[in-house]
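Note that this is a predicted model, so its numbers are computed, not measured. Side-chain atoms are counted along with the backbone in the values below, which use heavy atoms only and exclude waters and symmetry mates.
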Amino acid sequence: MSSEDSKKVVFDAEEASLLVKDLRESFGSGRTRSYEWRVSQVKALLKLLVDNEQKIIDALSSDLARPPFETVVYEIGMFKNSCEVTLKGLKQWMKPEKVKTSITTFPSSAEIVPEPLGVVLVISAWNYPFLLSLDPVIGAIAAGNAVVLKPSEIAPASSALLAKLLGEYMDNSCIRVVEGAVDETSALLQQKWDKIFYTGNGRVGRIVMTAAAKHLTPVVLELGGKSPVVVDSDVNLEVAARRIISGKWGCNNGQACISPDYVITTKDFAPKLVDALKTELEKFYGKNPLESEDLSRIVNSNHFGRLTKLLDDDKVSGKIVYGGEKDESKLRIAPTLLLDVPRDSLIMSDEIFGPLLPIITVNKVEESIDLINSGTKPLAAYLFTTNKKLTEQFVTNVSSGGLLVNDTVLHLVVHTLPFGGVGESGMGGYHGKFSFDAFSHKKAVLYRSFIGDGAIRYPPYTDTKLRVMRALVGGGILNIIRALFGWS
């Protein structure tokens, strides 16, 4: 390729501007607004997955050494479910919602009309590159928008496959993919969008929000945080251990935004919990987990180095009670348990996003609530207990994006629940109808006829008019009658 040809394929701010212009023209034509177009594109996404399941499995194997089981269940299966929920509910979601009016506007009727926002940008993450790319895209399409998807360059095989498949299966006059890294993302963020949906970390989330503020563009930020697991002493220990392991290491080897980040339990119960976790980990991944085909590898050398630094911290290096083995050549780190980790250690300062699980001990399990609340609000919080009073206290007093009692991560699959963060773990939610709502504007519409046009609202203003208008605005038939007769 000549230098002149290579210049033509550079995606810069000018190219981004042309892309947005083309999509605005397509959106302006009304093409995306029809129910038929929306359904056809969701069906195309469903067909894309069905036709290319093995290619998706292979891409994730290349990017993350992801076990096929996890890809089929957590990416393909969950995405298929999202498509089916959308196809089943879309017609109803699109209908205007009739609402009551007050006597102040009598006679009148009113409704809330969901309308598409316009041209939206979805910036995705690398850890679940298909689900986290396409799930928001379903919502954008279902709501009637034109959309640009920017997959993560950290999962290059998945990014390339997404670009190829969306180019082949989707209506490219309204749905486009832009591959690339920082330069391409920056070029996209310079443009005016009608909404930006970003999944990733808080550092980049702040960059996205700053760019959006220049155009007063609304954002959905799906971030992360240190999701705690509180374990009471009254639980079925074997089941609790298995469910913690499933949510931590069974979800991309800890590289998931809702993975358990650390455990809180009592000093007395901690040894029993550690023993149970050790037993179940060995059952799941064998005596040499670095060789297990059921664990994803660390995504790249940068993240491997970051995780190694956490383990090498002087404050925690002596706290490892299980695991800790590493193979840099294969980018593999074994499931690792650390007991009695100091709260001021490096591993407790930021989201771990890897196969390391610190365990913090307290005197009484109730102390866990204040400990959690002393940090930033997590994306998820997990509690294992049979104590109803503790459960009520936890649900009432722990603020998190989502909360799950006696299991981990499964709230993600319930499409009737919104998925999203709070505070530093994000803003806005999606999944199921919440995805449709995330990319819709709820337009308030009031209908009136020409009858019932009273002189009371027009000048000249009198004391009687003021008295009646006060009663009208305040509502209540009795007050209005009193005002009309001068009784108030």
Legend entry - Side chain proximity check, E53 to T71, heavy atoms < 4.5 angstrom: no

Legend entry - Flag if over 12 foreign heavy atoms under 6.0 Å of NZ, K272: no

Legend entry - Side chains of E179 and E184 in contact at under 4.5 Å (non-hydrogen atoms): no

Inset, instruction - Would you name the heavy atoms of I298 and P355 that are closest together and state the gap between them? - result: CD1-CD, 3.8 Å

Legend entry - M209 atom CE, neighbour heavy-atom count above 12 within 6.0 Å: no

Inset, instruction - Might you point out which heavy atoms bring G205 and L223 nearest each other, and give the distance in Å? - result: CA-CD2, 4.3 Å

Inset, instruction - Kindly write out the residues that satisfy side-chain hydrogen bond (donor to acceptor under 3.5 Å, both in side chains) with D58, not counting sequence neighbours, or none if the list is empty. - result: Q54

Legend entry - Backbone of D234 reached by a side-chain donor or acceptor of N387 within 3.5 Å: no

Inset, instruction - Decide yes or no for F130 and N52: does some side-chain heavy atom of the first lie under 4.5 Å from some side-chain heavy atom of the second? - result: no

Inset, instruction - For salt bridge (charged side-chain N to carboxylate O under 4.0 Å, His left out), just list the numbers for K47 and E168, CA-CA rounded to whole Å, side-chain angles, deciding distance to a tenth of an Å, and then say yes or no. - result: CA-CA 11 Å; K47 181 172 170 54; E168 292 174 359; over 6 Å; no

Legend entry - Donor-acceptor contact present, side-chain N201 to main-chain R203, <3.5 Å: yes

Legend entry - Residue from L383, V405, V395 passing side-chain contact (heavy atoms from CB on, under 4.5 Å) with L390: L383

Inset, instruction - Rounded to the nearest 0.5 Å, what's the gap from OG1 on T32 to CD1 on I141? Could you check? - result: 10.0 Å

Inset, instruction - Decide whether N252 and R66 meet the rule of one side-chain donor and one side-chain acceptor closer than 3.5 Å. - result: yes

Inset, instruction - Let me see the working for T385 and F394 under side-chain contact (heavy atoms from CB on, under 4.5 Å), right down to the final yes or no. - result: CA-CA 11 Å; T385 188; F394 199 81; over 6 Å; no

Legend entry - Residue E424 excluded, over 12 heavy atoms near CD under 6.0 Å: no

Tell me which donor-acceptor pairs under 3.5 Å the side chains of residues 238-246 have, and how far apart each pair is, sequence neighbours excluded?
{"residue": "R242", "atom": "NH1", "partner": "E280", "partner atom": "OE1", "Å": "3.0"}
{"residue": "R243", "atom": "NH1", "partner": "N406", "partner atom": "O", "Å": "2.8"}

Inset, instruction - Give the intermediate values and the outcome of side-chain contact (heavy atoms from CB on, under 4.5 Å) for residues L404 and V409. - result: CA-CA 8 Å; L404 184 49; V409 309; 5.8 Å; no

Legend entry - ring pair (Phe, Tyr, Trp, His ring centres under 6.0 Å): pairs with one or both residues in residues 164-201, sequence neighbours excluded: F197-Y430, F197-F439

Inset, instruction - I would like to know whether V230 and I369 meet side-chain contact (heavy atoms from CB on, under 4.5 Å); could you show each step before the answer? - result: CA-CA 9 Å; V230 175; I369 293 173; over 6 Å; no

Legend entry - Check: A155 main-chain N/O paired with S159 side-chain donor or acceptor under 3.5 Å: no

Legend entry - Nearest-0.5 Å distance that lies between atom CD1 in I138 and atom NE2 in H431: 9.5 Å

Inset, instruction - Quick one: pull up CG in L273 and OG1 in T361 and give me the separation to the nearest 0.5 Å. - result: 11.5 Å

Legend entry - Closest heavy-atom pair and its distance - L379, S227: N-OG, 4.0 Å

Legend entry - Pair listing, salt bridge (Lys or Arg N to Asp or Glu O under 4.0 Å) test, anchored in residues 303-322, at least two apart: K315-D344

Inset, instruction - Answer yes or no: does atom NZ of K330 have more than 12 heavy-atom neighbours from other residues, nucleotides or ligands under 6.0 Å? - result: no

Legend entry - Check: A157 main-chain N/O paired with D63 side-chain donor or acceptor under 3.5 Å: yes

Inset, instruction - Report the C-alpha distance between D194 and N145 in whole Å, list the side-chain angles of each, state the deciding distance to 0.1 Å, and finish with yes or no for side-chain contact (heavy atoms from CB on, under 4.5 Å). - result: CA-CA 9 Å; D194 296 298; N145 299 281; 5.8 Å; no

Inset, instruction - For residues L188 and I196, determine if any side-chain heavy atom of one lies less than 4.5 Å from a side-chain heavy atom of the other. - result: no

Legend entry - Parallel, tilted or perpendicular: rings of F419 and H411 (30°, 60°): tilted

Inset, instruction - Quick one: closest heavy-atom pair of D135 and S82, and the distance? - result: OD1-OG, 2.9 Å

Legend entry - Distance-minimising heavy-atom pair for F79 and L134: CE1-CB, 3.1 Å

Inset, instruction - With rounding to the nearest 0.5 Å, note down the distance linking OH in Y322 to CG in L281. - result: 5.0 Å

Inset, instruction - Have a look at R176 and tell me which of L19, L149, L166 forms a side-chain contact (heavy atoms from CB on, under 4.5 Å) with it. - result: L19

Inset, instruction - For the residue pair T185 and V208, establish whether any side-chain heavy-atom pair is separated by less than 4.5 Å. - result: no

Legend entry - Set of side-chain hydrogen bond (donor to acceptor under 3.5 Å, both in side chains) partners for S173, sequence neighbours left out: R31, D171

Inset, instruction - Check whether any side-chain N or O of S17 sits under 3.5 Å from a backbone N or O of E14 as a donor-acceptor pair, and report yes or no. - result: no

Inset, instruction - May I ask you to test the Y128-C251 pair for a side-chain heavy-atom distance under 4.5 Å? - result: yes

Inset, instruction - Report yes if some heavy atom in the side chain of I352 is under 4.5 Å from a heavy atom in the side chain of Y262; otherwise report no. - result: no

Inset, instruction - Check for a donor-acceptor pair, side chain of K248 on one end and backbone N or O of L356 on the other, with a separation under 3.5 Å. - result: yes

Inset, instruction - Look only at the side chain of K195 and the backbone of A438, and say whether a donor-acceptor pair between them is shorter than 3.5 Å. - result: yes

Legend entry - Flag if over 12 foreign heavy atoms under 6.0 Å of CD, E328: no

Inset, instruction - Look only at the side chain of K150 and the backbone of G180, and say whether a donor-acceptor pair between them is shorter than 3.5 Å. - result: yes

Legend entry - Spacing of I372 atom CD1 and K226 atom NZ [to the nearest 0.5 Å]: 12.5 Å

Legend entry - Backbone N/O of P151 and side chain of S124: donor-acceptor pair under 3.5 Å: no

Inset, instruction - Could you tell me whether the side chain of S425 and the main chain of G423 form a donor-acceptor pair under 3.5 Å? - result: no

Inset, instruction - With sequence neighbours left out, write down each residue that passes salt bridge (Lys or Arg N to Asp or Glu O under 4.0 Å) with E282, or none if nothing qualifies. - result: K287

Inset, instruction - Please tell me if the side chains of R38 and P116 come closer than 4.5 Å, counting only heavy atoms from C-beta onward. - result: yes

Legend entry - Spacing of L357 atom CG and W249 atom CH2 [to the nearest 0.5 Å]: 4.5 Å

Legend entry - Residue pair G247 / T408: nearest heavy atoms and the distance that separates them: CA-OG1, 3.3 Å

